Amino acid sequence: MEGIVNQTGIEILSDIKASSADILAKYGGIVPEVAAREQVASIIPVIETAIKTSGLSLFEIDAVAVTEGPGLIGSLLIGVETAKSLALAWKKPLIKVNHMAAHVFANWITDMQVPELPAVALIVSGGHTDLILISSLDKWEWIGGTRDDAAGEAFDKAARAMGFPYPGGPLISKAAAEAELDLPATMKLPRPMINEDSLEMSFSGLKTALVQVMEINKQKLINQPKLVNSLAKEFNEAVSEVLIKKTLMAVERYQPKSVLLAGGVAANQILRLNLESEIKKRGVDIFVPNLKYCTDNAAMIAACAILRPVYIDP
Ligand code: KG4
Ligand code: ZN
């Protein structure tokens, strides 16, 4: 993924992605070795396309930005070494970007009002579920999050249990939207830690509960296959309700001006809509990234590099 943004605001000039969706579906997830091999093959063509699409010449590009982590080490190394080589060859400064911070800065990719600080950010991705207090662009404090599985990981594991391919989040979301049948009481799922006075969360038990519910209701699911959509909705609501309740607790404690949703799970419609309405009720501004900037993308890396540049030697 490679992105180019305009210096005057976070306007995206190009945002190109090399997709390995077929491979991910085939292996049921990311195989680090396979991902790294794919990336070696696609990184230069993607950069070339990004520059061409932006309509800029090399002279008009001010810097090269690259994700330093967190992530899969093989993929990170390929990105960092490529960026270093380009920065050296093009004589441009090199900026390192934290992947999770970049997810949050996707909220600055807008031609509308940008978030006012202090803000509480809820970062929900495949590997992370964190609540962050952002007092200024570079003063960030971790205030809560999951003690085990990330929200996206919970979606992916639940999807696998329900027979959906990887990545499962979008498919659970789609199935939930298609739910028609009422959920039998025996198929209700828990909302882990929702009533605990803490910003900690836990999602690993939810997947276990789902597997048990499927086992107990095996015959019902065979007789009424559409019940799987209702179960997907129940799972989606269980995760969302916990995330929303903990974010509301953080709002109560820290009194921010804005709440920022970020990460791949921010693409989830139930979470987006319900969080928006709950936060608005409390008179706080709520920001959710444009759908295309929720899951991993290069535009958010460039946005982070502009708003909070950390220069490194190539
Ligand atoms: O941020 P991201 O693209 O990659 C990481 O940094 O991890 O997040 C990917 C995660 C996956 O777990 C995927 O299932 C989840 O985001 N995801 C969703 C949706 N779209 C992506 N989860 C729920 N609903 C969605 N619509
Ligand atoms: Zn991500």
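Atom set for the values below is all heavy atoms of this structure, side chains included, hydrogens, waters and symmetry mates excluded. Numbers here are sequence positions counted from 1. Please read these numbers as outputs of a predicted model, since none were measured by experiment.
- No side-chain N or O of N274 forms a donor-acceptor pair with one of S240 less than 3.5 Å apart.
- Applying the side chain to side chain donor-acceptor pair (under 3.5 Å) test to K207 and every residue at least two apart in sequence or in another chain returns nothing.
- Not one N or O on the side chain of E38 forms a donor-acceptor pair closer than 3.5 Å with the backbone of A35.
- Between R191 and E234, at least one side-chain nitrogen of the basic residue sits less than 4.0 Å from a carboxylate oxygen of the acidic one, meeting the salt-bridge criterion.
- Partners of S75 under the side chain to side chain donor-acceptor pair (under 3.5 Å) rule, at least two apart in sequence or in another chain, are Q39.
- Between T129 and A151, the closest heavy-atom pair is OG1-N, 2.7 Å.
- Under the 3.5 Å distance criterion, the side-chain polar atoms of T67 are left unmatched by any main-chain donor or acceptor of G69.
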Step-by-step salt bridge (charged side-chain N to carboxylate O under 4.0 Å, His left out) determination, E241 to K245: CA-CA 6 Å; E241 283 170 28; K245 178 77 186 292; over 6 Å; no

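- Around CZ of R160, the count of heavy atoms belonging to other residues, nucleotides or ligands within 6.0 Å does not exceed 12.
- Looking at K52 and E48, no side-chain N of the basic residue comes within less than 4.0 Å of a carboxylate O on the acidic one, giving no salt bridge.
- Judged purely by atom type and a 3.5 angstrom limit, D130 has no side-chain atom pairing as donor or acceptor with the backbone of I132.
- With hydrogens and angles ignored, the 3.5 Å screen pairs no side-chain donor or acceptor of T53 with any backbone N or O of S14.
- Under 3.5 Å, the side chains of D148 and S204 contain a donor-acceptor pair of N or O atoms.
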Would you be so kind as to tabulate the donor-acceptor pairs closer than 3.5 Å made by side chains of residues 194-201, with sequence neighbours excluded?
unit_1: S198; atom_1: OG; unit_2: E200; atom_2: N; d: 2.8
unit_1: E200; atom_1: OE1; unit_2: R147; atom_2: NH2; d: 3.3
unit_1: E200; atom_1: OE2; unit_2: R147; atom_2: NE; d: 3.2

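- A distance-only check finds no donor-acceptor pair linking the side chain of N217 to the backbone of K220 [under 3.5 Å].
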Scan the side chains in residues 92-107 for donor-acceptor partners under 3.5 Å anywhere in the protein, sequence neighbours excluded, and list what turns up.
unit_1: K92; atom_1: NZ; unit_2: L58; atom_2: O; d: 2.8
unit_1: K92; atom_1: NZ; unit_2: I61; atom_2: O; d: 2.8
unit_1: N98; atom_1: OD1; unit_2: M100; atom_2: N; d: 2.9
unit_1: N98; atom_1: OD1; unit_2: A101; atom_2: N; d: 3.0
unit_1: H99; atom_1: NE2; unit_2: H103; atom_2: NE2; d: 3.2
unit_1: H99; atom_1: NE2; unit_2: D296; atom_2: OD1; d: 3.2
unit_1: H103; atom_1: ND1; unit_2: C294; atom_2: O; d: 3.3
unit_1: H103; atom_1: NE2; unit_2: D296; atom_2: OD1; d: 3.0
unit_1: N107; atom_1: ND2; unit_2: V104; atom_2: O; d: 3.1
unit_1: N107; atom_1: ND2; unit_2: L261; atom_2: O; d: 3.0

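- Hydrophobic cluster membership for L72: L24, I30, Y166 (Ile, Leu, Val, Met, Phe, Trp, Tyr linked by side-chain heavy atoms under 4.5 Å, directly or transitively).
- The pair K157-E153 counts as a salt bridge, with a side-chain nitrogen and a carboxylate oxygen less than 4.0 angstrom apart.
- Chaining together hydrophobic side chains whose heavy atoms lie under 4.5 Å apart leaves I270 on its own.
- A salt bridge between R272 and E276 is absent, with no side-chain N of the basic residue lying under 4.0 Å from a carboxylate O of the acidic one.
- Each of L260, I279, V114 was evaluated against F287; a single residue qualifies, L260, per the side chain to side chain contact (heavy atoms under 4.5 Å, CB included) test.
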